[in-house]
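Working notes, beginning with the structure itself.
Each residue takes its place number in the sequence, starting with 1.
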Amino acid sequence: MAIFANRALLSTGWVTNLRVEIRQGLIVSLQQGATAQEGDTCVDTLLPALANLHSHAFQRAMAGMTEYRKAGRDSFWTWRELMYRFTAHLTPDQVQAIAALVYMEMQEAGYASVGEFHYLHHQPDGTPYDNLAELSQRIMAAADETGIGLTHLPVLYSYAGVGEQPLEAGQQRFGNDVDGYLALVEHAHAALGDLPGDCQIGIAPHSLRATSPQDLARVLNAKKTGPVHIHIAEQPMEVEQVHEGLGARPVEWLLSNAPLNHRWCLIHATHMTEKETRDMAVTGAVAGLCPITEANLGDGPFNGAVFLEAGGRFGVGSDSNVLVSMTEELRTLEYSQRLRDLSRNVLVEGDGSVGQTLYCNAALGGAQALGRAAGQIAEGMLADLVAIDSQDPALCALRPEQLLDGLVFAAKDHVVTDLWSAGRHQVRLGRHIARDRIVSDYRRAMADLMPRL
């Protein structure tokens with residue numbers, strides 16, 4: 001198959017009349033100054049598609065359910081209690097239907113792949129399913145149905161807090177000791193064979209709160225390759241608890257006690273000192289930023305300018321999926337910096353396009369975090385590609401070098417016309433090819449769920 005683009009963004013800059021040949025999910029040739037051939041898919045502007053590096057798919061169905069304030073001050077911790085109550089009612093069929101909907105929405109928004117940080121493992125009372133990987137396989141089934149590229153990240157969640165505190169009632173569905181967790185990962189890995197070859201398994205110690213130094217070391221020793229994702233320093237109270245229990249702040253502790261490198265993705269890393277920020281950047285680990293969720297939960301802004309200055313790598317994720325929007329994720333990231341610093345055009349070093357810096361860095365960082373050979377349009381890379389319509393009113397007045405500024409700061413996701421996940425052409429003319437069926441299945445699942453909430 002082949003794609004002909006009037007305009008495309010390569011790592012060297014903008015080119016015109018590009019013909020991209022794809023074979024077995026990979027880009028095998030690029031021809032500049034070409035002409036379209038019979039059977040080519042013709043698009044306006046072709047970009048490398050972003051990876052959504054952090055998702056809790058099931059939380060999509062909660063959107064709008066937690067925005068009612070009761071007496072007292074709402075926080076991340078009060079939101080978490082509502083989330084626990086919600087998970088108690090989810091069946092495997094509903095988990096799959098929700099995941100399929102959110103993955104479809106991700107692709108229509110311009111994401112070609114997803115890192116599913118999956119901690120919903122057991123029945124509501126904590127009893128394992130007969131198939132240990134039942135709910136992991138439901139996530140995989142949703143990925144197969146939508147065609148999205150999946151990096152599945154089963155979560156190790158053993159404790160309620162630092163110091164190996166026993167799990168609370170609402171956390172029983174998440175819980176595993178290390179032996180149970182490693183068995184679950186092996187079951188999930190075996191099930192991966194039913195998915196396309198670009199899909200893979202990583203590991204995800206939930207946080208320094210939900211594991212222990214000894215357990216973390218055991219899991220890392222058992223799984224020496226592939227992505228490693230962890231929640232870190234999301235909330236001030238978390239930082240205080242880890243400091244009190246482990247004698248160091250969360251990122252500070254990881255830097256001293258874990259082999260941080262390009263395999264790692266530190267989710268949020270919101271509350272870091274300047275030294276932690278610079279030291280983390282040097283490791284090559286990716287900062288997994290989820291600006292919409294971080295705003296929704298009141299987490300606070302990332303220390304972006306210092307991180308970029310130190311050469312740090314980042315990507316974006318939709319986390320709680322309260323809103324699935326690639327453009328909104330990127331603009332919220334930049335706007336969070338502007339609001340904090342009372343400045344403009346923060347996340348770019350020296351002169352240059354903020355939109356292009358955000359987009360291209362997120363494309364490369366997200367691909368690294370998910371272990372995908374993607375993030376740019378180049379021979380040998382996965383064909384994770386997105387096409388946008390430069391004639392949309394939000395973009396039509398812009399020069400090519402301004403298009404990504406327009407995409408990030410002025411456009412909505414409906415400018416996405418086509419999307420390929422490892423060459424699978426899943427979005428065409430702005431609609432996912434399985435949209436009607438996926439939406440119907442989701443509505444049916446919600447009709448069954450709502451009376452029990």
Side-chain donor-acceptor pair under 3.5 Å between [X] and [Y], yes or no?
{"X": "S325", "Y": "D413", "value": "yes"}
{"X": "E234", "Y": "T270", "value": "no"}
{"X": "H271", "Y": "D299", "value": "no"}
{"X": "D319", "Y": "H268", "value": "yes"}
{"X": "T211", "Y": "S158", "value": "no"}

Check: [X] ring centroid to [Y] ring centroid under 6.0 Å:
{"X": "F302", "Y": "F307", "result": "yes"}
{"X": "H121", "Y": "H118", "result": "yes"}
{"X": "H231", "Y": "H206", "result": "yes"}
{"X": "F174", "Y": "Y84", "result": "yes"}
{"X": "F117", "Y": "H56", "result": "yes"}
{"X": "H122", "Y": "Y129", "result": "no"}

Looking at [X] and [Y], would you say the former's side chain and the latter's main chain have a donor-acceptor pair under 3.5 Å?
{"X": "S318", "Y": "N321", "value": "no"}
{"X": "D125", "Y": "T127", "value": "yes"}
{"X": "E276", "Y": "T273", "value": "yes"}
{"X": "R331", "Y": "A411", "value": "yes"}
{"X": "N221", "Y": "A217", "value": "no"}

Q) Going through the checks in order, is the side chain to side chain contact (heavy atoms under 4.5 Å, CB included) test met by W264 and I232? A) CA-CA 12 Å; W264 286 73; I232 203 79; over 6 Å; no
Solution key, residues 443-451 side-chain donor-acceptor pairs under 3.5 Å, sequence neighbours excluded:
unit_1, atom_1, unit_2, atom_2, d
R444, NH2, D441, OD1, 2.5
D448, OD2, Q94, NE2, 2.9
D448, OD2, R452, NH1, 3.3

Salt-bridge contact [X]-[Y] (side-chain N to carboxylate O under 4.0 Å):
{"X": "E186", "Y": "K223", "value": "yes"}
{"X": "E240", "Y": "R249", "value": "no"}
{"X": "R435", "Y": "E108", "value": "yes"}
{"X": "R138", "Y": "D93", "value": "yes"}

Contacts of D179 meeting salt bridge (Lys or Arg N to Asp or Glu O under 4.0 Å) (sequence neighbours excluded), chain-then-number -> R218
Tell me every residue that passes salt bridge (Lys or Arg N to Asp or Glu O under 4.0 Å) with D436, counting only those two or more places apart in sequence or in another chain.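 Result, salt bridge (Lys or Arg N to Asp or Glu O under 4.0 Å) vs D436: R431.
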Is there a side-chain contact between [X] and [Y] (heavy atoms, below 4.5 Å)?
{"X": "H229", "Y": "I203", "value": "no"}
{"X": "L255", "Y": "W253", "value": "no"}
{"X": "L246", "Y": "P213", "value": "yes"}
{"X": "P196", "Y": "R424", "value": "yes"}
{"X": "T151", "Y": "P227", "value": "yes"}
{"X": "Q337", "Y": "P301", "value": "yes"}
{"X": "L50", "Y": "E329", "value": "no"}

message: Please enumerate all residues that pass side chain to side chain donor-acceptor pair (under 3.5 Å) together with H432, with sequence neighbours excluded.
response: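 Expected list: Q107.
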So how far is it from [X] [atom1] to [Y] [atom2], rounded to the nearest 0.5 Å?
{"X": "C290", "Y": "L297", "atom1": "SG", "atom2": "CG", "value": "10.0 Å"}
{"X": "L156", "Y": "I230", "atom1": "CG", "atom2": "CD1", "value": "9.5 Å"}
{"X": "I148", "Y": "N52", "atom1": "CD1", "atom2": "CG", "value": "7.0 Å"}
{"X": "I22", "Y": "L385", "atom1": "CD1", "atom2": "CG", "value": "5.5 Å"}
{"X": "R263", "Y": "K224", "atom1": "CZ", "atom2": "NZ", "value": "10.0 Å"}
{"X": "L153", "Y": "Q200", "atom1": "CG", "atom2": "CD", "value": "8.5 Å"}

Practice prompt. Under the side chain to side chain contact (heavy atoms under 4.5 Å, CB included) rule, what do L323 and N296 come out as? Steps first, then yes or no, please.
Written response: CA-CA 10 Å; L323 172 66; N296 182 268; over 6 Å; no
query: Just wondering, more than 12 heavy atoms not from H189 lying within 6.0 Å of its NE2?
result: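 No, NE2 of H189 has 12 or fewer neighbouring heavy atoms, counting only those of other groups under 6.0 Å.
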Margin query: Would you say CD of Q24 has more than 12 non-hydrogen atoms from neighbouring residues, nucleotides or ligands within 6.0 angstrom?
Written below: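 Open: at most 12 neighbouring heavy atoms sit under 6.0 Å from CD of Q24.
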query: Where do Q368 and H262 land on the side-chain hydrogen bond (donor to acceptor under 3.5 Å, both in side chains) test, with the steps shown first?
result: CA-CA 7 Å; Q368 176 183 319; H262 68 281; over 6 Å; no
Residues at least two apart in sequence or cross-chain that pass ring-ring contact (aromatic ring centres under 6.0 Å, His included) with Y335, listed by chain then number, are F409
Checklist entry - Which pairs, with at least one residue in residues 373-386 and sequence neighbours excluded, count as a side chain to side chain donor-acceptor pair (under 3.5 Å)? => result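 Checked against side chain to side chain donor-acceptor pair (under 3.5 Å) - neighbours excluded - the pairs reaching residues 373-386 are R372-D384.
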Can you name the closest pair of heavy atoms from L53 and A369 and give their distance?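 Scanning both residues, the minimum pair turns out to be CD2-CB, 4.0 Å.
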Under the salt bridge (Lys or Arg N to Asp or Glu O under 4.0 Å) criterion, do K412 and E328 qualify, and how do the steps go?
CA-CA 8 Å; K412 296 185 179 179; E328 189 69 25; over 6 Å; no
request  = Check step by step if side chain to side chain contact (heavy atoms under 4.5 Å, CB included) holds for V408 and E334.
outcome  = CA-CA 10 Å; V408 171; E334 168 66 19; 6.0 Å; no
### Query
Do D418 and H425 pass the side-chain hydrogen bond (donor to acceptor under 3.5 Å, both in side chains) test, and can you show the C-alpha distance, the side-chain angles, and the key distance before you say yes or no?
CA-CA 7 Å; D418 296 81; H425 193 183; 2.8 Å; yes
Test side chain to side chain contact (heavy atoms under 4.5 Å, CB included) on Y181 and V155 and set out the steps. CA-CA 8 Å; Y181 174 71; V155 169; 5.5 Å; no
The residue among Y159, Y157, Y119 that forms side chain to side chain donor-acceptor pair (under 3.5 Å) with Q171 is Y157
Test salt bridge (Lys or Arg N to Asp or Glu O under 4.0 Å) on R437 and E145; report intermediate values, then the result. CA-CA 10 Å; R437 182 183 72 252; E145 184 176 2; 3.4 Å; yes
- Test S421 against Q426 for side-chain hydrogen bond (donor to acceptor under 3.5 Å, both in side chains), laying out the working first. CA-CA 7 Å; S421 295; Q426 301 302 117; over 6 Å; no
